[in-house]
Amino acid sequence: MDRPQFVYSFEKGDAHNKMLLGGKGANLCAMTQIGLDVPPGFVITTEACLAYLDRGQLPAGLVDDVRAHIVELEVKTGKRFGDESNPLLVSVRSGSAMSMPGMMDTILNLGLSPATLKGLAARTGNPRFAWDAYRRFIQLFGKIAMDVPDAAFDAAMTETKRKHGVVHDVEFTADALQELAQAFLAVYREHTGRPLGADPYEQLELSIQAVFQSWNGKRAVDYRRQFRITPAMANGTAVNVCTMVFGNMGDDSATGVGFTRNPATGENVMYGEYLVNAQGEDVVAGIRTPKPIAAMAQEMPGLYRQLLELRDKLEAHYKEVQDFEFTIERGRLYCLQTRNGKMNARAMVTTSVGMFEEGLISKGQALNRINALLLEQLLVPTLDPTHEARSLAQGLPASPGAASGSIVFDADTAEQRGRDGEAVILVREETKPEDIHGFFAAQGILTSRGGKTSHAAVVARGMGKPCVSGCDAITIDVRERTARIGDAVMHEGDIITIDGTTGNVYPGRIPTVEAQFFDELATLLTWADEVARLEVMANADTPRDAARARAYGAKGIGLCRSERMFNDPQRLPTVREMILADTPAERRAALTKLLPIQRADFKGIFAAMAGLPVTVRLLDPPMHEFLPTASQLEFEIGQLRNLQRATRSVAELPDTLKLLDPELPRDYVDSLGKLQRSLGQYRETKRGDVALERREAMLKKVHQLSEVNPMLGHRGVRLGLTFPEIYEMQIRAILEAAAECSKEGIDVHPEIMVPQVCAAEELTRVKAMVDALRPEIETRYGVRVPCKFGTMVEVVRACMRAADLAQVAEFFSFGTNDLTQATFSFSREDAENKFLPHYIESGVLPDNPFEMLDVDGVGRLMQLAVEWGRKTRPGLVVGICGEHGGQPEAIRFCHNAGLDYVSCSAPRVPIARLAAAQAALKEREST
Ligand code: ADP
Ligand code: MG
Ligand code: MG
């Protein structure tokens, strides 16, 4: 019969096919095939999983295939499945194409039953070990395959510990473990309604089904949604069946996890943790605190050397930092898993530079292996070094960065408070996969137990959130909702600060500072610039932002929003005067006051960007944005009127009161008199009247300026042409600032950019203003002021008339925020608040086009504009300055569309530089 092959042994599986075998399975195959010591096993494919989920039953033939492969394992190991004297035990492990840490659980020691248990005990001469393995199996199988709640097992565990006066499981005697296993069997029976079956094949079949089902479990579904893992990236989970090896067979046995390099710093030093005489997840679960891997050099020198060899083989094969799991059974080292190491951005950059310098990878590989978006993490805040707070306690520095927030003790509370916009720190003894929603909501994670490879640490690092783990100076009282941290008792809601870079925990909020560039990042980005064709500019509105953008490697300012300077509280009154002006003369008077202010601003930016271009966009937003809202004004007017009325009534008050009581007491009249006099004085100054008049005038103006669709209304160049004195002032400020800089020997390259243009004639008229002002300024300052002139392209008609615009404009800059609104006829706020989430969830649109550039629609318009514009003016410079300018996919599109530059906010400049290089590398690859 012709049916797909559902099962592959580790020797035969295609190590490159992660979609089919899952990441874990493919890597088990790869390791087996390059000769590493992997316990024998086989992979059941993701196709089998999908077939199972589709039909609700295991596909035909699968069970037979599994049996055949078990027989193969029996041959390889000399053990037999279900055998009473020499039983084969296996683990059943999930694994999809994308690594989803902790999302789906593993069942260990499958194949144990009261009968095989005896064989295991006899074979190993270690009944304690056998019972220990058995009780672990009952719990794992019960929990994962049969949904028995963990709490029920935990209760039995606590009870047994109490009875035997034991603190850690390792102290249990064989008898105590036997009792524990019996108690677990009882728990199992109670919750499933039947005893745990002894047939290992039945156990195996149930386990396989459970793993398949876990693909659609809540945890896995949530995780995929959060990280946008689509079926094209991972579809279904594979099941890995792997012969058990035991790290808990004595002091020559151990289990551990390693990184081929330090995943926090990227330093080329093996990193990891291990536990002697322990099994499986003991290291990860944080039940016992493991030792750092370096300690193995003393404790087990021979094995440590083998581990170093393993590390070298893994890196030589994968040419990538590996995160691997190993187990030593009676002096023999097995590798149980490997995958590409998840590292923070700093380590990614450092290892890229390191591996290139060691000759392991090429420059192109060094650039390509880093997800450009990761670089954002490098700008994670660190504690202000001048702070003098004393730390309450210190744990392990598990994920770098610093964060402050209110303490919460569980993931649900974190989610709730986080949704309300509160910054929270999730504080727990240890975390589990079911806490994942709390991680999303929290600013940082703090745990009292577990090492640097504990669940909390791994997940926080993946998310780039600060984490301090294993902080044993913390005792949490979940019922009272308090935690003792060092000497302090903190309540839920109290603010703390954690520093995941040092492991310190502080009371209260500590200010943070931005991260600095480090040498490896500078090196890597220099490589990126060598490869990239697109230049990276920055959007910056102040000298401070400009300086920062320059430090991050921006090649100029692609967008300086001149109106941002208007919003300064000290300038706003003058801006309002300008808006309230009824005649051009009045308006000019206000503009005259604004001129020196704008000139000084531009000068500051030009100086910060000396030698590089600065593109200034003339005033863009509608004017009402600089005025208070109508409702605010109406409220204030009401208040002022009340005051006037009150003043009047107080004047009449004594006479009115005498109507009620002719004998009104004297001192009463006195105090009223005082109030009357002071109010009277106040009235004479007319301050109330002036305030009222001003507000009434402003309200009138607000009504006049109010528009049905302000974003499509009187703004941008439309404003500039109807009130030309505004643009004239701005153009003058730009040219005069440039002239002053030139005179001071500062190399300036100003560019003037006109927003909201839809017709070439608009540009022609603004250009005429520039041409009229320039000669006068050049003569007055005695310097030449070259200035480029160009346009934003953010209106659909501008794209369609690109050929005409290019007659006047020397450059185009796509404003993709407005262009996206215009292309879709969506107003951004309404779309995002009302229907876009539904559109995306139900698949009408693939993404939010305001976040991900819509290449098919908006992108098509851009391509046309570039083509038509360059036909008119072959040297036309074209860039993009919308928020999309810092987004890697959009950058790749811009590269392919032949743009000259992208402009994005300063913190995104490093991302854009790397993404620009990756776009160029991609193009080379495909040609
Ligand atoms: P995860 O996806 O959580 O890493 P794994 O399948 O790797 O799950 O298994 C969980 C734990 O069990 C790990 O510590 C792993 O090393 C251990 N383990 C899995 N299979 C075996 C085996 N065949 N022998 C010994 N330990 C195993
Ligand atoms: Mg797991
Ligand atoms: Mg694992």
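One-based numbering, in listed order, for ligands and for the atoms of each. Atoms considered below: every heavy atom in the structure, side chains included; atoms not considered: hydrogens, waters and symmetry mates.
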Could you tell me whether Q337 approaches ligand 1 through its side chain, its backbone, both or neither, with non-hydrogen atoms closer than 4.0 Å? side chain
Enumerated ligand 1 atoms positioned under 4.0 Å from heavy atoms of T106: 5 (P), 6 (O), 8 (O), 9 (O), 10 (C)
For atom 20 (N) of ligand 1, tell me which residue out of S91, G41, P40, G256 has the closest non-hydrogen atom. S91
Candidate with minimal heavy-atom separation from atom 15 (C) of ligand 1, of E325, R339, H455: E325
Contact check: T106 to the Mg ion (ligand 3), N/O/S below 2.8 Å: no
Which of the numbered atoms in ligand 1 are below 4.0 angstrom from a heavy atom of T243? 22 (C), 23 (N)
Can you tell me which portion of K24 lies within the under-4.0 Å heavy-atom range of ligand 1? Options are side chain, backbone, both, or neither. side chain
Distance under 6.0 Å and angle within 45° of ring axis: R67 vs Y201: yes
So T46 and N235, do their side chains get closer than 4.5 Å, heavy atoms only? no
Given that the side chain starts at C-beta and the backbone is N, CA, C, O, which of these parts of V245 lies under 4.0 Å from ligand 1, counting heavy atoms, or is it both or neither? both
Indicate yes or no for a side-chain donor-acceptor contact from T45 to the backbone of A48 under 3.5 Å, with no hydrogens or angles considered. yes
Residue list, side chain to side chain donor-acceptor pair (under 3.5 Å) with R228, at least two apart or on another chain: D847
C242 heavy atoms within 4.0 Å reach ligand 1 at atoms 23 (N)
Any ring pair (Phe, Tyr, Trp, His ring centres under 6.0 Å) pairs touching residues 313-340, not counting sequence neighbours? none
Tell me whether R136 forms a cation-pi arrangement with W131, defined as NZ or CZ under 6.0 Å from the six-membered ring centre and within 45 degrees of its axis. no
Are there more than 12 heavy atoms of other residues, nucleotides or ligands under 6.0 Å from atom CZ of R80? no
Can you tell me which portion of T255 lies within the under-4.0 Å heavy-atom range of ligand 1? Options are side chain, backbone, both, or neither. neither
Tell me which N, O or S atom from E325 is the closest to the Mg ion (ligand 3). OE2
Got more than 12 heavy atoms from elsewhere within 6.0 Å of CD, E84? no
